[in-house]
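First the proteins, then the strands, lettered A, B, ... as listed; each starts at 1.
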There are 2 protein chains.
Amino acid sequence: MTAPQRLIQTATEAVPKRPRGRPRKTADERDDGNRRPALLSAAARLFRRQGFDATSTRDIAAAVGMHSGSPFYHFKSKSALLCAVMEEGMRSAIARQACAVQSVPPSPALAQMRQLIRTHFDTLHGRGNDFVPVMLYEHRSLTDLQRVSLSKLQHEYEAAWTPVLEALHASGHLRAPVKLSRLLILGALSWSVQWFSARKGASLDELTDAAMALFLKE
Amino acid sequence: MTAPQRLIQTATEAVPKRPRGRPRKTADERDDGNRRPALLSAAARLFRRQGFDATSTRDIAAAVGMHSGSPFYHFKSKSALLCAVMEEGMRSAIARQACAVQSVPPSPALAQMRQLIRTHFDTLHGRGNDFVPVMLYEHRSLTDLQRVSLSKLQHEYEAAWTPVLEALHASGHLRAPVKLSRLLILGALSWSVQWFSARKGASLDELTDAAMALFLKE
DNA sequence: CCTACCGATCGGTAGG
DNA sequence: CCTACCGATCGGTAGG
């Protein structure tokens, strides 16, 4: 909160008044905001690799070249940083999902479904996409309030599946109840963070084919 | 390691020699072994509720009426206790699974499949079955060596699914590749620890029906 | 299994 | 964003 120039101003007594309004940022202040994304990325990577509890705020600070107390200048607590990671993950996942769904005509629900599955795998296993996997693992380390604020984004993400599943149910491609189907399907896909490896085994496309063949008739 | 009687023996110089061989347990010693199951159960319950890192060994000790250092008389480290919880969970899950499979004739693979799914849900959501859910969540908190020793039990559990899935694949009830099917199906079922509630929503039987309808044709 | 304790780590903060 | 620091907690151990 204390502005750096304060130090200089107190040295000289009579200083010409600064212009009114919010002071312009000087070159020295430019770091104020733009280190936040770096902190988020480093935190996401470390949280995914080591887990939330096994990662200290010192680890995160070191990963972006800060000193131990500095992350708390950007985030009020370690769990607030975790929550920010998850929110960022959900926001970009929702954007990716919306973009993917729009790129496919709505008429064959099977094609929409394939796109949803493929996009979900990308969100989980794409290069640098550590944000959502962290959310799947570390949900428990949030406070109740943070969980509530996140649940809105989660519902938004899940909501995109419902009309597609309903269409598939109506056309006979899906026989199980829609709501339980959504829970089971998303679980099957999300669980792949536990076993999928980009370097061995099936590719994401093969995985998508297998999921389609497993869940849908015809 | 130091036997409690030692204290008494040193008080009197000339003590009649104890009979050879391992000393019989006296009433005071009876706790030596049989507090272990209590520790395991308490640990499983707390690990599931709060997570491994959020549970201190003091919490566990208090839950069974011990003092803070005493769990380390039974387990050499906190993670050894975690590993013991998981091993106990897998052993009883495997036993439950073997019993369930044998109770059903092998001929309709669909009936076998239903039994496997239903038993898996029981292992995850049955009363007092906290051991396996802990394993699903806290896999990362094990040492590499512990993970290796556990993987044998996990493979044993998963192996029971393969012949059933192969039969279903051969009969046309399952179209996706067997190996990927097993991974996706077990993921869908296991993920239910994240959302299933015994007090609201579907029952375990309804869940089993939904899973059968979702994964299998006809 | 208890008592008494240690060393290390960690989230967080005051003040600049 | 750095410096310097604190209070609390925690896994684990020695000795009995």
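- In terms of heavy atoms, A/L124 sits closest to A/S190 at CD1-CA, 3.7 Å.
- When the side-chain nitrogen and oxygen atoms of B/R58 are compared with OP1 and OP2 of D/dC10, none of them lie within a distance under 4.0 Å.
- Aromatic ring centres of A/Y73 and A/H67: separated by at least 6.0 Å.
- If you take NE2 of A/H67 and P of D/dC1, they are 11 Å apart, rounded to a whole angstrom.
- Mapped onto DNA chain C by nearest heavy atom, A/T57 and B/S68 fall at different nucleotides, with B/S68 at the one closer to the 5' end.
- Atom pair A/D53:CG and C/dT9:P shows a separation of 17 Å (rounding to whole Å applied).
- Whole-Å rounding puts the B/K78 NZ to D/dT9 P distance at 15 Å.
- Contacts of A/S56 with the nucleic acid, taken as non-hydrogen atoms under 4.0 Å apart, involve only primed sugar atoms and P, OP1 or OP2.
- Pair check for D/dA8 finds C/dT9; Watson-Crick or G-U wobble, both atom distances under 3.5 Å.
- Rounded to whole Å, atom C1' of C/dT13 lies 18 Å from atom CZ of A/F75.
- Taking the six-membered ring for Trp, A/H139 and A/F52 have ring centres at least 6.0 Å apart.
- Atom CZ of A/F72 and atom P of C/dG12 are 5 Å apart (whole Å).
- When rounded to the nearest whole Å, the span between OH of A/Y73 and P of C/dG15 equals 18 Å.
- Under the side chain to side chain donor-acceptor pair (under 3.5 Å) rule, A/T55 has a single partner from A/Q50, A/K78, A/R49, which is A/Q50.
- With a cut-off of 3.5 Å on both Watson-Crick or G-U wobble distances, the partner of C/dA14 is given as D/dT3.
- Judged by distance alone, the side chain of B/E138 and the main-chain N or O of B/M135 form no donor-acceptor pair under 3.5 Å.
- Using a 4.0 Å heavy-atom cutoff across all strands shown, B/S79 reaches no nucleic acid atom at all.
- Atom P of nucleotide C/dC10 and atom CG of A/D59 are separated by 7 Å, given to the nearest angstrom.
- Taking atom CG of residue B/L39 and atom C1' of nucleotide C/dC1, one finds them 11 Å apart after rounding to whole Å.
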